[in-house]
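Note that the structure is a prediction, hence the values are computed from the model and not measured.
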Amino acid sequence: MRGSSRPFLSTLTRWAIQVAALKAAGCSVVREEKKSGTSRNGRAELETLLAFMREGDVLMVTRIDRLARSMKDLQDIVHELKQKGVFLKATEQPIDTSTAAGKAFFDMLGVFAEFETNLRRERQLEGIVKAKKEGKYKGTAPRIDRAQIARLRSEGKNVTQIARALSISRESVYRIEKEMRAAA
């Protein structure tokens with residue numbers, strides 16, 4: 001049995017608990033990926049794992065939200081596993097895609113995992129709107145010194161020269177100059 005956990009954890013202790021649960025479930029290989037499961041993009045460990053698994057293998061996770069947070073990504077992963085003859089099981093949830101009941105429970109949990117992610121995103125956006133209204137949220141501080149752009153422009157430098165001098169893109173120079181004109 002091969003196993004994987006894609007923990008997105010804040011403490012080593014939680015990771016150690018998940019590894020112990022996977023080992024206790026009989027996993028001979030445990031893979032770790034710290035990238036969030038909100039998207040499949042950039043998840044090299046997941047891609048390696050999916051390429052590595054063969055017919056008859058079982059992908060073991062502690063919970064399905066360790067694998068994916070979007071229902072579409074989760075279904076795509078399970079579809080890929082099914083095509084290879086690989087099953088999905090979870091140590092903390094009654095999920096076993098080799099059984100009808102396990103598949104049904106898997107689908108229900110996937111819907112709730114996506115719902116939870118959407119609720120979290122909505123709360124975050126509400127908090128940002130509130131903070132902006134209170135003047136507490138200003139976004140990230142600008143990295144580019146506008147005065148430097150104005151100085152270089154007054155020295156007769158063109159956009160390409162300014163961009164090279166400041167190690168920024170030409171588009172950034174154009175955007176900042178447009179913002180400075182609008183503010184004047």
- Query: Got a second to check how far E155's CD is from Q161's CD, nearest 0.5 Å?
  - Reply: 10.5 Å
- Residues, nucleotides or ligands: over 12 heavy atoms within 6.0 Å of R164 CZ: no
- Among side-chain atoms of R31 and T48, is any donor-acceptor pair under 3.5 angstrom? no
- Query: Are R121 and N118 close enough that some pair of their side-chain heavy atoms sits under 4.5 Å apart?
  - Reply: yes
- Under 3.5 Å, is there a donor-acceptor pair between the side chain of K89 and the main chain of G102? no
- Query: Do K136 and K130 have side-chain heavy atoms sitting under 4.5 Å apart?
  - Reply: no
- Answer yes or no: does atom CD of E134 have more than 12 heavy-atom neighbours from other residues, nucleotides or ligands under 6.0 Å? yes
- State the CD1-CG distance between I77 and L59, to the nearest 0.5 angstrom. 8.5 Å
- What's the spacing between D73 CG and E114 CD if we round to 0.5 Å? 9.0 Å
- Sub-3.5 Å donor-acceptor pair from the side chain of T97 to the main-chain atoms of F87, do we have one? no
- Message: Counting C-beta onward and ignoring hydrogens, is there a side-chain heavy-atom pair between L22 and V61 closer than 4.5 Å?
- Response: no
- Task: For the pair D76 and K72, find out whether any cationic side-chain nitrogen is under 4.0 Å from an anionic carboxylate oxygen.
- Result: yes
- So, do I149 and E177 sit near enough that their side-chain heavy atoms are less than 4.5 Å apart? yes
- Report the distance from atom CG of D107 to atom CZ of F112, rounding to the nearest 0.5 Å. 12.0 Å
- Query: Side chains of V159 and R153: does their closest heavy-atom pair fall under 4.5 Å?
  - Reply: yes
- To the nearest 0.5 angstrom, please state how far the CD atom of Q93 sits from the CZ atom of R66. 10.0 Å
- Item | Pair R120 + E116: basic N to acidic O under 4.0 Å | yes
- Query: According to a 4.5 Å side-chain heavy-atom criterion applied to Ile, Leu, Val, Met, Phe, Trp and Tyr, with indirect links allowed, do I144 and M180 form part of one hydrophobic cluster?
  - Reply: yes
- Under 3.5 Å, is there a donor-acceptor pair between the side chain of Q148 and the main chain of L166? no
- Task: Walk me through it: do R175 and E179 pass the test salt bridge (charged side-chain N to carboxylate O under 4.0 Å, His left out)?
- Result: CA-CA 6 Å; R175 179 181 46 80; E179 289 171 2; 3.3 Å; yes
- Item | Intermediate values then yes/no, side chain to side chain contact (heavy atoms under 4.5 Å, CB included), E55 and V86 | CA-CA 5 Å; E55 186 172 352; V86 175; 6.0 Å; no
- So, for K23 and S28, which heavy atoms are closest and what is the spacing to 0.1 Å? NZ-O, 4.3 Å
- Message: Looking at R54, is its backbone amide N or carbonyl O close enough to the side chain of D57 to form a donor-acceptor pair, meaning the two atoms are under 3.5 Å apart?
- Response: yes
- Do other residues, nucleotides or ligands put more than 12 heavy atoms under 6.0 Å from the NZ atom of K84? yes
- Message: So does L67 get a backbone contact from the side chain of R43, meaning a donor-acceptor N/O pair under 3.5 Å?
- Response: yes
- Query: Atom CD1 of I176 and atom CZ of R181: how far apart are they, to the nearest 0.5 Å?
  - Reply: 12.0 Å
- May I ask you to test the V173-I168 pair for a side-chain heavy-atom distance under 4.5 Å? yes
- Where N158 and T160 come nearest, the two heavy atoms and their spacing: OD1-N, 3.1 Å
